[in-house]
Structure formats: structure tokens, C-alpha cells
Asker: 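Below is a structure I'd like to ask you about.
Side chains are part of it too, since the values below use all heavy atoms of this structure and drop only hydrogens, waters and symmetry mates. Ligands are counted one by one from 1 in listed order, and the atoms in each one are counted from 1 as well.
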Amino acid sequence: MEKFRGVDYYGIEELLTEEERMVRDAIRDWVEAEFLPIVAEHHREGTFPTHLIPKLGELGIFGANLKGYGCAGLNNVAYGLIMQELERGDSGLRSCASVQSGLVMYPIYTYGSEAQKERWLPALQRGEAIGCFGLTEPDHGSDPGGMTTRALKKGDSYVLNGTKLWITNGSIADVAVVWAKGDDGEIGGYLVDKGTPGFSTLDIHGKFSMRASITSELSFQDCRIPLENKFPNVTGLRGPLGCLSQARYGIAWGAVGCAMACYDWALQYAQTRVQFGKPIAQFQLVQRKLVWMLTEITKAQLLALQLGRLRDQGTARAQQISMAKMNNVWMALETARMARDIMGAAGIVDEHPVIRHMLNLETVFTYEGTHDIHTLIIGRDITGLSAFGDE
Ligand code: TGC
Ligand code: FAD
């Protein structure tokens with residue numbers, strides 16, 4: 001295939017500032033030069049290219065929309081464009097960056113003490129340290145409020161007991177942001193250093209999705225951490241959910257990146273693949289699929305961009321973020337499936353990126369709140385009636 005040609009049917013380029021375009025192009029160039037040539041091999045092996053993490057730091061990707069502590073202080077649209085370009089590479093690459101930025105640096109920045117910020121943020125920004133976010137448990141996924149992990153105060157320590165499951169970056173993390181219930185039953189956030197006695201990790205194997213990403217179990221057995229490792233500035237479920245808003249926003253953009261990659265690849269393939277004496281792009285049914293993809297990508301681009309502008313104005317609501325995550329990931333998954341179909345048998349091999357994106361998107365559809373959970377978040381917002389629990 002030729003080089004990626006970009007997807008912009010509505011002149012959205014003109015709605016971006018020069019700085020936003022420059023940031024996007026820098027990340028696009030780096031992904032094409034350094035990441036795309038190696039991703040298929042990592043996907044096959046089920047490994048993440050950890051050697052690239054310091055480079056992601058150098059590129060200013062980590063915590064890019066935070067200010068101070070070495071962070072780039074970019075606006076939310078530029079941050080979204082970074083996520084779009086990373087995920088055009090692979091959802092695992094975007095995951096690594098969005099966990100580090102939205103789920104580890106953001107809570108330390110927003111809920112942490114000055115000492116916690118100074119200890120972790122500069123190192124996390126540079127990619128010298130890596131973090132993970134432990135919310136989900138074996139028995140509590142969509143319903144994190146039911147978590148059973150405990151952090152009970154004993155003398156000059158908190159003692160953690162419990163298990164977190166499906167944790168991105170878990171086994172490579174230098175610091176884990178762990179959400180647990182305290183003596184009063186309230187959810188709090190705790191920083192657990194790698195190597196703390198009683199804290200262990202185990203990687204999850206056998207994944208058919210997110211193969212180029214590390215996913216682990218975190219286990220805490222009488223794991224003692226100092227009192228100063230608790231976030232002083234947040235209690236309750238709104239702590240972790242506030243972080244999820246950051247990461248869900250990035251996913252709304254990242255999904256557009258996946259969809260653009262699949263659409264462009266399928267279009268180029270359809271223009272050159274000949275059946276019945278014609279390029280398959282000439283058949284009406286193939287054109288219908290390509291047009292559906294482009295139309296949905298265009299709508300998703302506009303949704304992500306306006307959401308970014310609302311965030312920059314400080315007026316974006318969590319429910320609006322849910323709509324963008326829900327719609328854009330669904331759109332990307334459907335686009336990837338159609339692209340795979342257009343490519344016939346060639347669509348199932350990893351010589352082409354489409355099947356990899358398609359499989360990854362099955363995870364993205366589920367994590368950070370499943371598609372249906374976001375539907376119900378929006379449903380509650382517009383009807384005033386909650387479909388969750390016993391409200
Ligand atoms: P609910 O009553 O809705 O909320 C409790 C408190 O939280 C506040 N809140 C939010 N705050 C900020 N941002 C948000 N998005 C928020 N959503 C809710 C809310 O205002 C309330 O605050 P307060 O002060 O009044 O107490 O709680 P609920 O129990 O009814 O929530 C239900 C539900 C289903 C919406 C929620 O639990 C949910 O979102 N579940 C999905 C779980 C999820 O998304 N897990 C993701 C785990 S992390 C992950 O997947 C990382 S993947 C990483 C990668 O590799 O990219
Ligand atoms: P469940 O909650 O058991 O849901 C199963 C099904 O039931 C879904 O279809 C769901 O929509 C449906 N359902 C549940 N409740 C309702 C309801 N009230 N109404 C209607 N339908 C409902 N978590 C972290 O904390 N940190 C991470 O870094 C992280 N990384 C991940 C990486 C990967 C590769 C994966 C796959 C997951 C990761 N997760 C992480 C976990 C992820 O957030 C959860 O998988 C997700 O929240 C769903 O939880 P669950 O898998 O337990 O599914």
C-alpha cells in the first residue's frame with residue numbers, strides 16, 4: 001500500500017490551529033518511522049515495545065495536557081490528536097500513553113500532595129517511570145463501587161489486601177495507583193511502589209486482543225504502604241471516575257485513528273484488487289461500505305473536535321465524553337470489520353493492519369466503561385432515571 005493519505009472529507013484541517021497540526025504531524029511522523037515497522041512483530045509475540053517508552057517521554061506525549069512538572073501544557077485538542085495518531089499505530093500504544101497520562105499522572109496532579117507530585121510527575125513525564133491504574137477487580141468491572149480491596153490503617157501504615165484484574169502496564173509499572181476502601185468504607189486512592197513487600201503482579205496471557213500491550217493482575221497481601229501514599233484530596237467513586245473522563249476522552253480520538261487507518265487501507269486495497277475484470281472499488285456494494293466508513297469517520301472527527309473545544313472551555317460534561325467514547329469506538333469497530341471484509345482473505349493476515357485493529361477494538365469497546373454502560377450513563381442523563389443498581 002501507499003503511505004497513509006489522511007482522511008479529511010470536511011476540511012477539518014482548517015479548524016485546527018497551527019500548533020495542533022504541528023503536534024499531530026510530529027507524532028504521525030514518529031509513529032510511521034519508529035512504530036509501524038515493528039508493531040506486527042510485537043503483536044505476534046504478544047509483547048509491548050518498552051524500549052520506546054523514554055522516546056514517548058521525549059516527544060512530550062506523557063501528561064501532554066497538564067501544566068508544570070515538565071509537562072507540555074498543550075490544549076485538549078492537541079492532546080486528542082496525539083491519541084489519534086498513537087492509536088492509528090496500535091491501540092496498545094495509545095493505551096500505554098493514556099494510562100500513563102490520564103490514569104496515573106492526572107490523579108497524582110489533581111488529587112495528590114505536593115510531595116507526591118514532585119516525586120512522580122517529572123519522572124513519569126520523561127518516561128523514566130511508568131505507572132498503572134488499578135480499579136477493576138475480578139468480581140467488579142462495570143460496577144467498581146462494589147470493590148472489595150481494602151486499605152486499612154494500622155499504626156503508621158495502610159495495609160492493602162485485595163486483587164485488581166486486567167491492569168494495563170501492571171507488571172512494568174514503577175508505581176500503581178490503587179483504588180481501595182478504607183476503614184470508613186470510603187474509596188480512596190493509594191500509590192504503591194513496585195517492589196513493596198506483599199505486592200505482586202502476574203501477566204495475563206492468551207489474549208486475542210491488545211496483544212501488543214501488557215495486561216496484568218495486581219495482588220496485595222498485607223501490603224504495607226506509608227500513610228503519605230494516600231491521595232489527600234479525594235474520596236469516593238468520583239476519584240477514579242474523574243480519571244476515567246480523561247482517558248475516555250483520549251479514546252474518543254484514538255478510535256478515530258484506528259478507523260482512519262482501516263478505511264485508508266481498505267480503500268487503497270479496493271482500488272487495486274481486481275475481480276470480474278474490474279477493481280472491486282467499482283462495485284456498488286463495496287462503494288456503499290467505503291462511503292459508510294468515511295461518513296461515520298467524518299461525524300466522529302467532528303464529535304471529538306467539538307468535545308475537545310468544550311474541554312478547553314471547561315464546559316465538557318462526563319456524559320458528553322461518554323457519548324464520544326461510545327459512538328467513536330463503535331464506529332471504529334464497525335469500520336474495521338468492514339475493512340476486513342473488503343480485503344477478503346487478505347484481511348485476516350497481519351501483513352495488513354486491519355485485523356490487528358479489529359481485534360484490539362474489541363477490548364476498547366469493553367474497557368473504560370463498556371458500550372452499554374455508556375449508553376446507560378447517557379440514558380440516565382436524558383431521562384433522569386438510573387438503570388444502575390437500586391436507585
Ligand atoms: P455515580 O453516582 O454515577 O457516580 C459516583 C460519583 O462519581 C461522580 N462521577 C464522575 N466524576 C467525574 N467524572 C465522571 N466520569 C464521573 N462519573 C460519575 C458522580 O458525580 C458522583 O459524585 P459524588 O460526589 O456525587 O459522589 O456512581 P454509580 O455507582 O451509579 O456509577 C455507575 C457507573 C456504571 C456509571 C460507573 O461505575 C462506571 O462508569 N462504570 C464503568 C467502569 C469503568 O469504566 N471502568 C474502567 C476501569 S479503568 C480501564 O478500563 C482502563 S483501560 C486503560 C487503557 O489501557 O487505556
Ligand atoms: P462486566 O462488568 O462483567 O460486564 C459484562 C457484560 O455485562 C458487558 O457487556 C456489560 O456491558 C454488561 N453489563 C454490566 N452491567 C450492566 C448493566 N447494569 N446493564 C446492562 N449491561 C450490563 N481496568 C482497570 O482498572 N485498569 C486498567 O488498566 C484496565 N485495562 C484493561 C485492559 C484490557 C486489555 C481489558 C480487556 C480490560 C482492562 N480493564 C482495566 C478492565 C475494564 O475496564 C473492564 O473489563 C470493564 O470495565 C468491564 O468490566 P468486566 O470485564 O468485568 O465486564
Side-chain angles (χ1 to χ4, degrees), residues 46 48 83 86-87 90-104 106-107 110-111 130-147 149 163-173 176-180 186-187 189 201 203-218 234-252 254-255 316-323 325-326 329 359-381 386-391:
F48 181 75
M83 296 298 148
L86 294 178
E87 197 147 1
D90 192 83
S91 298
L93 181 63
R94 195 269 309 136
S95 261
C96 174
S98 58
V99 166
Q100 179 92 338
S101 301
L103 298 181
V104 177
Y106 173 83
T110 312
Y111 312 136
I130 195 91
C132 69
F133 177 88
L135 178 64
T136 304
E137 298 184 351
D139 295 329
H140 299 282
S142 296
D143 180 20
M147 69 176 68
T149 300
T163 304
K164 298 288 175 180
L165 196 60
W166 303 110
I167 307 305
T168 302
N169 295 345
S171 64
I172 57 165
V177 171
V178 180
W179 299 94
E186 283 281 3
I187 294 172
T201 65
D203 283 344
I204 297 170
H205 296 292
K207 290 182 296 173
F208 281 71
S209 175
M210 287 285 185
R211 289 187 54 73
S213 174
I214 294 162
T215 317
S216 319
E217 175 184 288
L218 313 182
V234 77
T235 49
L237 195 54
R238 66 186 182 85
L241 292 182
C243 308
L244 295 183
S245 280
Q246 306 301 308
R248 291 167 177 174
Y249 168 72
I251 289 174
R317 299 169 60 236
Q319 295 84 353
Q320 291 170 319
I321 296 172
S322 282
M323 182 179 279
K325 192 277 181 184
M326 175 188 73
V329 176
L359 294 170
N360 283 341
L361 284 161
E362 292 290 347
T363 284
V364 186
F365 196 74
T366 287
Y367 72 18
E368 295 281 2
T370 68
H371 184 82
D372 285 347
I373 290 295
H374 288 294
T375 305
L376 298 179
I377 289 171
I378 302 163
R380 176 167 68 178
D381 191 40
S386 174
F388 304 116
D390 52 12
E391 272 173 57

Asker: Should Ala387 be counted as touching ligand 2, given the test is an N or O pair under 3.5 Å?
Answerer: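 No - when backbone and side-chain N and O of Ala387 are compared with those of ligand 2, no distance drops under 3.5 Å.
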Asker: Atom 41 (C) of ligand 2: which of Val177, Thr136, Thr366 has the nearest heavy atom?
Answerer: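 Nearest heavy atom to atom 41 (C) of ligand 2 lies in Thr136.
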Asker: Using a 4.0 Å heavy-atom threshold (strictly under), name the region of Thr370 that reaches ligand 1: side chain, backbone, both or neither.
Answerer: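 Neither part.
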Asker: Less than 4.5 Å apart, side chain to side chain, heavy atoms only: is that true for Arg238 and Ile187?
Answerer: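 The answer is no, as the side chains (C-beta and beyond) never meet within the 4.5 Å cut-off.
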Asker: Quick test of your reading of the structure: of Ala387, Gly242, Gly250, whose heavy atom lies closest to atom 12 (C) of ligand 1?
Answerer: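 Nearest heavy atom to atom 12 (C) of ligand 1 lies in Gly242.
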Asker: Evaluate Asp143 for polar contact with ligand 1, using N/O atom pairs at a separation under 3.5 Å.
Answerer: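 No, Asp143 has no N/O under 3.5 Å of an N/O on ligand 1.
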Asker: Which is it for Arg380 and ligand 1 at heavy atoms under 4.0 Å: side chain, backbone, both or neither?
Answerer: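 The answer is the side chain.
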Asker: Checking the N or O distance criterion of under 3.5 Å, is ligand 1 in contact with Val99?
Answerer: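 No; every N/O pair is 3.5 Å or more apart.
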Asker: With a cutoff of 4.0 Å, is Gly145 in contact with ligand 1, counting heavy atoms of the residue only?
Answerer: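 No, Gly145 has no heavy atom closer than 4.0 Å to ligand 1.
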Asker: Which residue supplies the protein heavy atom nearest to atom 13 (N) of ligand 2, what is that atom called, and how far is it?
Answerer: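 Ranked first by proximity to atom 13 (N) of ligand 2 is Ser142 OG, 4.5 Å.
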Asker: Could you tell me the residue and atom name of the protein heavy atom closest to atom 28 (O) of ligand 2, and the distance to it rounded to 0.1 Å?
Answerer: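 Looking at atom 28 (O) of ligand 2, the protein heavy atom closest to it is Thr168 N, 3.0 Å.
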Asker: Any nitrogen or oxygen of Thr215 lying under 3.5 Å from a nitrogen or oxygen in ligand 2? Just yes or no.
Answerer: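 Thr215 vs ligand 2: no N/O contact under 3.5 Å.
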Asker: Can you report which non-hydrogen protein atom sits closest to atom 19 (N) of ligand 2, along with the distance?
Answerer: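 Result: Leu376 CD1, 3.3 Å.
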Asker: Identify, by atom number and element, the atoms of ligand 2 in contact range of Glu368, meaning under 4.0 Å from any of its heavy atoms.
Answerer: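 Answer, ordered by atom number: 43 (O).
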Asker: Nearest to atom 34 (C) of ligand 2, what protein heavy atom do you find, and at what distance?
Answerer: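 Of every protein heavy atom, Thr363 CG2, 3.5 Å lies nearest to atom 34 (C) of ligand 2.
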Asker: Under 4.0 angstrom from atom 21 (N) of ligand 2, is there any protein heavy atom?
Answerer: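 Flag for atom 21 (N) of ligand 2 set to false, no protein heavy atom closer than 4.0 Å.
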Asker: Considering distance alone, does some N or O of Leu241 sit under 3.5 Å from an N or O of ligand 1?
Answerer: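 So ligand 1 has an N or O lying under 3.5 Å from an N or O of Leu241.
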Asker: Select one of side chain, backbone, both or neither to describe which atoms of Ile167 lie under 4.0 Å from any atom of ligand 2, heavy atoms only.
Answerer: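 Contact part for Ile167 vs ligand 2: both backbone and side chain.
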Asker: Please identify which atoms of ligand 2 are closer than 4.0 Å to at least one heavy atom of Phe133.
Answerer: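 Those qualifying, in numeric order: 24 (C), 25 (O), 26 (N), 27 (C), 28 (O).
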Asker: Output yes when the distance from some N or O of ligand 1 to some N or O of Thr136 is under 3.5 Å, and no in every other case.
Answerer: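 No, since none of the N or O atoms of Thr136 sits under 3.5 Å from an N or O of ligand 1.
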Asker: Measure the acute angle between the ring planes of His371 and Phe365, then classify it against the limits of 30° and 60° as parallel, tilted or perpendicular.
Answerer: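 Ring orientation, 0 to 90° scale: parallel.
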Asker: At their closest point, which heavy atom of Pro107 faces which heavy atom of Trp179, and how far apart are they?
Answerer: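 For Pro107 versus Trp179, the nearest heavy atoms are CB-CZ2, 4.5 Å.
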Asker: I'd like to know if Gly236 contacts ligand 1, where contact means a heavy-atom distance under 4.0 Å to any ligand atom.
Answerer: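 The answer is no: ligand 1 sits nowhere under 4.0 Å from a heavy atom of Gly236.
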Asker: For ligand 2, which is the ligand I care about here, please tell me if Tyr367 has any N or O atom under 3.5 Å from one of the ligand's N or O atoms.
Answerer: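 N/O-N/O distance under 3.5 Å: no.
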Asker: Using non-hydrogen atoms of the residue, decide whether Gly141 is closer than 4.0 angstrom to ligand 1.
Answerer: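 Distance cut 4.0 Å: Gly141 passes for ligand 1.
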Asker: With distance as the sole criterion, is a donor-acceptor pair present between the side chains of Thr149 and Glu137 under 3.5 Å?
Answerer: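 Per modelled atom types, Thr149 and Glu137 side chains form a pair under 3.5 Å.
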Asker: What's the shortest heavy-atom distance between Gly239 and Val234, and which atoms?
Answerer: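 The pair with the smallest heavy-atom distance is CA-CG2, 3.5 Å.
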Asker: Could you check whether Ser95 and Tyr367, counting side-chain N and O atoms only, form a donor-acceptor pair closer than 3.5 Å?
Answerer: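 A donor-acceptor contact under 3.5 Å links the two side chains.
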Asker: With heavy-atom distances below 4.0 Å as the criterion, list the atoms of ligand 1 near Leu244.
Answerer: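 Checking each atom against Leu244, I get 43 (C), 44 (O), 45 (N), 46 (C), 48 (S).
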Asker: Which atoms of ligand 2 have any heavy atom of Leu135 under 4.0 Å away?
Answerer: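 Those atoms are 25 (O).
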Asker: So which heavy atom in the protein is nearest atom 39 (N) of ligand 2, and how far is it from that ligand atom?
Answerer: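 Residue, atom and distance for the closest contact: Trp166 O, 3.1 Å.
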Asker: Between Thr370 and ligand 2, find which residue part has any heavy-atom pair under 4.0 Å and reply side chain, backbone, both or neither.
Answerer: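 The side chain, only.
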Asker: Side chain, backbone, both or neither: which applies to Asp372 and ligand 2 if a contact is any heavy-atom pair less than 4.0 Å apart?
Answerer: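 Asp372 to ligand 2: side-chain contact only, backbone stays beyond 4.0 Å.
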Asker: Does Asn169 come within less than 4.0 angstrom of ligand 1, counting non-hydrogen atoms of the residue?
Answerer: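 So Asn169 does not count as touching ligand 1.
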Asker: Side chain or backbone of Phe133 under 4.0 Å from ligand 1, or both, or neither, by non-hydrogen atoms?
Answerer: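 For Phe133, only side-chain atoms sit under 4.0 Å from ligand 1.
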Asker: If I apply the N/O under 3.5 Å rule, does Gly134 come out as touching ligand 2?
Answerer: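 No, since none of the N or O atoms of Gly134 sits under 3.5 Å from an N or O of ligand 2.
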Asker: Heavy-atom distances under 4.0 Å decide this one: backbone, side chain, both or neither, for Ile321 against ligand 1?
Answerer: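 Within the 4.0 Å criterion, Ile321 makes no contact with ligand 1.
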Asker: Can a donor-acceptor pair be found between the side chains of Thr363 and Ser209 at a distance below 3.5 Å?
Answerer: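 A pair is found: one side chain offers a donor N or O, the other an acceptor, under 3.5 Å apart.
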